[in-house]
Undergrad: 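Mind looking over this structure? Questions follow.
Residue indices begin at 1 and follow the sequence shown. All figures in this text were calculated on a predicted structure; none of them were measured in a lab.
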Amino acid sequence: MPIPSNTRTLRFVLLAFFSVIVLYKIFESGYYPKTHLPSVDSIAKEQAQNAKSGFEDTNLKELAQDIAKGPRAKAAFITLARNSDVWDIAKSIQQVEDRFNRRFHYDWVFLNDNPFDDQFKRVTSNLVSGKAFYGHIPKEHWSFPDWIDQERAAKTREIMREKKIIYGDSISYRHMCRFESGFFFRHELLKDYDYYWRVEPGIQLFCDINYDPFIFMKDHNKKYGFTLSLREYESTIETLWKTVKDFIKEHPEHIAKDNSMNFISEDNGHSYNLCHFWSNFEIGDLNFWRSKAYMDFFEHLDKAGGFFYERWGDAPVHSIAASLFLPKDQIHFFNDIAYRHNPFTHCPTTEEDRFKGRCSCTPSDNFDWKGYSCTSKFFEINGIAKPEGYQNQT
């Protein structure tokens, strides 16, 4: 017999009532977590607290607060690179920016014997915190001078190739060495700068640099700064020292009192001991290279032809010039700038110095006190005490 419609309605009402009661008990029991929508007052309070704590726009505020206060030198980073070096120089830039320049925002000057392509400019300009400038090297600064005997130069390259001398058969390497020796500081893009820091593709920095090396150079009247020193391949510079001695005889007026002759010679200038500052890292005074003493020196070397008839490097050229034309107290060893250019590393010797700079270098990799390094010589001629524990790194 069919159920009356009013009975069905009563059953539905009772079922709904009991369902509501069950659901209420479940929620009240805490089986599901209770949620509360925030009030307008609580939202306002949280925003005020965030603003007070600097939570809002964190990145911009941190960047602004992290910029170092104080004066800036007329200085720039200088990089000689090709378009194919883009990813290696990107790594170098990131190292320098993270460890130093993000707080100082110095400019970068990139130089190339060919025009930079759009990718190189996009990648590098995105990484630097200062302004980026891109320059082309004039042909006369990256070519054979008129007085070079091309046949003689080619014969030298062939002999060095047979002897497997590093870069011995390379023409471009010789152009680079000559450019870095005598022309980089004359480039149009550098005319408004007084100081430079040379940065090459693929280098590493291991310590924070919490002061301004350019201002340090300026305030302490330093003209040339280095981190690594070593001995040159003698087979690449066989007549360099004879050419230097000829210059000294012709221009005794350029030789500084209290110079560093004893850094580059064991016998008061009779011979060259091959010591040089490794010039892939340099922090220096551009006006030293622009000086009459250095310009006369470079012209003398250039006319001799050794950049092409042998394989004179910019490192011994710069080092000999700094050692002869500067008082020795104007050359500075940047112990606190831990640096690597394959295959050599400078890492501060003491744990105290490494911790001070939050350094990540491996102490046993430090080249300073190894037999092929000249840093011990630099310490000795300047009367600088070697750091505690250096014997453990020889």
Undergrad: As an exercise, state the distance from CG of Leu286 to OG of Ser291, rounded to the nearest 0.5 Å.
TA: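 It is 11.5 Å, given to the nearest 0.5 Å.
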
Undergrad: Can you measure from OG1 (Thr345) to CD1 (Ile203) and round to the nearest 0.5 angstrom?
TA: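 Here the interatomic distance stands at 11.0 Å.
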
Undergrad: Can the ring centroids of His276 and Phe263 be said to lie less than 6.0 angstrom from one another?
TA: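 Not close enough - the centres of the two rings lie 6.0 Å or further apart.
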
Undergrad: Check whether the side chains of Glu310 and Thr239 place a donor and an acceptor atom closer than 3.5 Å, and report yes or no.
TA: yes

Undergrad: Kindly indicate whether the side chain of His346, heavy atoms from C-beta on, has any atom under 4.5 Å from the side chain of Asn335.
TA: yes

Undergrad: Would you say that Ile78 contacts Val199 through its side chain, given a criterion of any heavy-atom pair below 4.5 Å between the two side chains?
TA: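 Sidechains of Val199 and Ile78: no contact.
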
Undergrad: Does a donor on one side chain sit under 3.5 Å from an acceptor on the other, for Ser373 and Asp368?
TA: no

Undergrad: If you measure from CE on Met217 to CZ on Phe214, what distance do you get to the nearest 0.5 Å?
TA: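 Nearest 0.5 Å value for the CE-CZ distance: 9.0 Å.
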
Undergrad: Run Thr79 and Val109 through side chain to side chain contact (heavy atoms under 4.5 Å, CB included) and show every step you take.
TA: CA-CA 6 Å; Thr79 292; Val109 175; over 6 Å; no

Undergrad: Side chain to side chain contact (heavy atoms under 4.5 Å, CB included) between Ile171 and Tyr173: does it pass, once the steps are laid out?
TA: CA-CA 5 Å; Ile171 294 176; Tyr173 188 82; over 6 Å; no

Undergrad: Can a salt bridge be assigned to the pair Asp285 and Lys223 using a cut-off of 4.0 Å between side-chain N and carboxylate O?
TA: yes

Undergrad: Parallel, tilted or perpendicular for Phe378 and Phe226, by the 30°/60° rule?
TA: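 Phe378 and Phe226: perpendicular rings.
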
Undergrad: Does a side-chain heavy-atom distance below 4.5 Å link Leu127 with Gln94?
TA: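 In contact.
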
Undergrad: Between Lys377 and Glu380, does the side chain to side chain contact (heavy atoms under 4.5 Å, CB included) criterion hold? Intermediate values first, please.
TA: CA-CA 5 Å; Lys377 186 74 174 172; Glu380 290 164 8; 4.3 Å; yes

Undergrad: Can any side-chain N or O of His141 pair as donor or acceptor with the backbone N or O of Ile137 at less than 3.5 Å?
TA: no

Undergrad: Quick one: do the Arg103 and Asn101 side chains pair a donor with an acceptor below 3.5 Å?
TA: no

Undergrad: Does either side chain, that of Asn112 or that of His136, offer a donor lying less than 3.5 Å from an acceptor on the other one?
TA: no

Undergrad: How are the rings of Phe110 and Tyr134 set relative to one another: parallel (under 30°), tilted (30 to 60°) or perpendicular (over 60°)?
TA: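 Phe110 vs Tyr134 ring planes: parallel.
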
Undergrad: Once rounded to the nearest 0.5 Å, what's the spacing between atom CD1 of Ile320 and atom CG of Leu240?
TA: 4.5 Å

Undergrad: Quick one: does any side-chain atom of Asn259 pair with a main-chain N or O of Ala256 as donor and acceptor, under 3.5 Å?
TA: yes

Undergrad: With the side chain counted from C-beta on, respond yes when Phe307 and Val317 share a heavy-atom pair under 4.5 Å apart, and no when they do not.
TA: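 Yes. Closest side-chain heavy atoms under 4.5 Å.
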
Undergrad: Does the side chain of Ser129 come under 3.5 Å of the side chain of Glu97 through a donor N or O and an acceptor N or O?
TA: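 The answer is yes; a qualifying pair exists.
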
Undergrad: Ignoring hydrogens and geometry beyond distance, is a side-chain donor-acceptor pair present between Tyr195 and Asn287 at under 3.5 Å?
TA: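 Their side chains do not contain a donor-acceptor pair, so the 3.5 Å distance test is not met.
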
Undergrad: Are the sulfur (SG) atoms of Cys359 and Cys347 separated by under 2.5 Å?
TA: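 Judged by the SG atoms alone, which are 2.5 Å or more apart, Cys347 and Cys359 are not bridged.
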
Undergrad: Under 3.5 Å, is there a donor-acceptor pair between the side chain of Lys245 and the main chain of His270?
TA: yes

Undergrad: Take Asp329 and Lys222 through the test salt bridge (Lys or Arg N to Asp or Glu O under 4.0 Å) and record every step on the way to the result.
TA: CA-CA 7 Å; Asp329 64 359; Lys222 304 293 184 181; over 6 Å; no

Undergrad: Stepwise, does the side-chain hydrogen bond (donor to acceptor under 3.5 Å, both in side chains) test hold for Asp336 with Tyr211?
TA: CA-CA 10 Å; Asp336 48 4; Tyr211 68 100; 3.0 Å; yes

Undergrad: Which of parallel (below 30°), tilted (30 to 60°) and perpendicular (above 60°) describes Phe184 and His318?
TA: tilted

Undergrad: Report whether Trp147 and Trp312 are members of the same hydrophobic cluster (ILVMFWY, side-chain heavy atoms less than 4.5 Å apart, transitive linking).
TA: yes

Undergrad: Is it possible for you to say whether Phe206 and Phe367 belong to one hydrophobic cluster, with membership spreading through side-chain heavy-atom contacts below 4.5 Å?
TA: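 No; tracing contacts between hydrophobic side chains, which count when under 4.5 Å, never links both residues.
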
Undergrad: State plainly whether the residues Glu352 and Arg354 are in salt-bridge range, i.e. N to O under 4.0 Å.
TA: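 No, Glu352 and Arg354 are not salt-bridged.
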
Undergrad: Determine the sole option in Phe277, Phe281, Phe325 for which the ring-ring contact (aromatic ring centres under 6.0 Å, His included) test with Tyr224 is passed.
TA: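 Exactly one pass, corresponding to Phe277.
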
Undergrad: Tell me whether the guanidinium CZ or amine NZ of Lys131 lies under 6.0 angstrom from the six-membered ring centre of Trp108 and within 45° of its axis.
TA: no

Undergrad: Fit a plane to each ring of His254 and His251, take the angle between them on a 0 to 90° scale, and name the class: parallel (under 30°), tilted (30 to 60°) or perpendicular (over 60°).
TA: parallel

Undergrad: Mind checking side-chain hydrogen bond (donor to acceptor under 3.5 Å, both in side chains) for Thr236 and listing every partner two or more places apart, or none if nothing turns up?
TA: none

Undergrad: Does anything in residues 221-268 form a disulfide (SG to SG under 2.5 Å)? List the pairs, not counting sequence neighbours.
TA: none

Undergrad: In the single-linkage hydrophobic clustering (I, L, V, M, F, W, Y; side-chain heavy atoms under 4.5 Å), do Met160 and Phe308 co-cluster?
TA: no

Undergrad: Just checking, is any N or O donor in the side chain of Asn273 or Glu266 under 3.5 Å from an acceptor N or O on the other one?
TA: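 Distance-only check passes for Asn273 and Glu266.
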
Undergrad: Does Lys155 form a salt bridge (Lys or Arg N to Asp or Glu O under 4.0 Å) with Glu158? I'd like the steps, not just the answer.
TA: CA-CA 5 Å; Lys155 186 176 181 180; Glu158 178 59 24; over 6 Å; no

Undergrad: May I ask you to decide whether Glu188 forms a salt bridge with Lys191, counting only side-chain N to carboxylate O separations under 4.0 Å?
TA: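 Salt bridge flag = yes for Lys191 with Glu188.
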
Undergrad: Using 0.5 Å steps for rounding, measure from the CG atom of Leu228 to the OG1 atom of Thr375.
TA: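 Nearest 0.5 Å value for the CG-OG1 distance: 6.5 Å.
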
Undergrad: Do Lys356 and Thr350 touch side chain to side chain, with heavy atoms closer than 4.5 Å?
TA: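 With C-beta onward as the side chain, the pair stays apart.
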
Undergrad: Assert yes or no for the condition that the ring centre distance of Tyr339 to Phe344 is strictly below 6.0 Å.
TA: no

Undergrad: Parallel, tilted or perpendicular: which one describes the rings of Tyr106 and Phe100, with boundaries at 30° and 60°?
TA: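 Tyr106 and Phe100: parallel rings.
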
Undergrad: Begin from the C-alpha positions of Met295 and Arg290 and carry the test side chain to side chain contact (heavy atoms under 4.5 Å, CB included) through to its verdict.
TA: CA-CA 6 Å; Met295 292 294 287; Arg290 295 164 180 156; 5.6 Å; no

Undergrad: Establish whether Phe185 and Leu326 are linked, either directly or via other cluster members, by ILVMFWY side-chain heavy-atom contacts under 4.5 Å.
TA: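 Linked, Phe185 and Leu326 end up in one cluster.
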
Undergrad: Are side-chain heavy atoms of Tyr390 and Asn366 found at a separation under 4.5 Å?
TA: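 They are not in side-chain contact.
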
Undergrad: Please tell me if the side chains of Trp289 and Phe298 come closer than 4.5 Å, counting only heavy atoms from C-beta onward.
TA: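 Counting from C-beta outward, Trp289 and Phe298 never come under 4.5 Å.
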
Undergrad: Using only the SG atoms, decide whether Cys207 and Cys361 are less than 2.5 Å apart.
TA: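 No - the two cysteines, Cys207 and Cys361, have SG atoms at least 2.5 Å from each other.
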
Undergrad: When the aromatic ring centroids of Phe379 and Trp369 are compared, is their separation below 6.0 Å?
TA: yes

Undergrad: Answer yes if the ring centres of His187 and Phe133 are under 6.0 angstrom apart, and no otherwise.
TA: no

Undergrad: Is it true that Asp192 and Lys74 have a side-chain N and a carboxylate O under 4.0 angstrom from each other?
TA: no

Undergrad: When you compare the side chain of Asp314 with that of Phe179, does any pair of heavy atoms fall below 4.5 Å?
TA: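 Contact flag for Phe179/Asp314 side chains = no.
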
Undergrad: Checking Asp246 against Thr243: is there a side-chain donor and acceptor pair closer than 3.5 Å?
TA: no

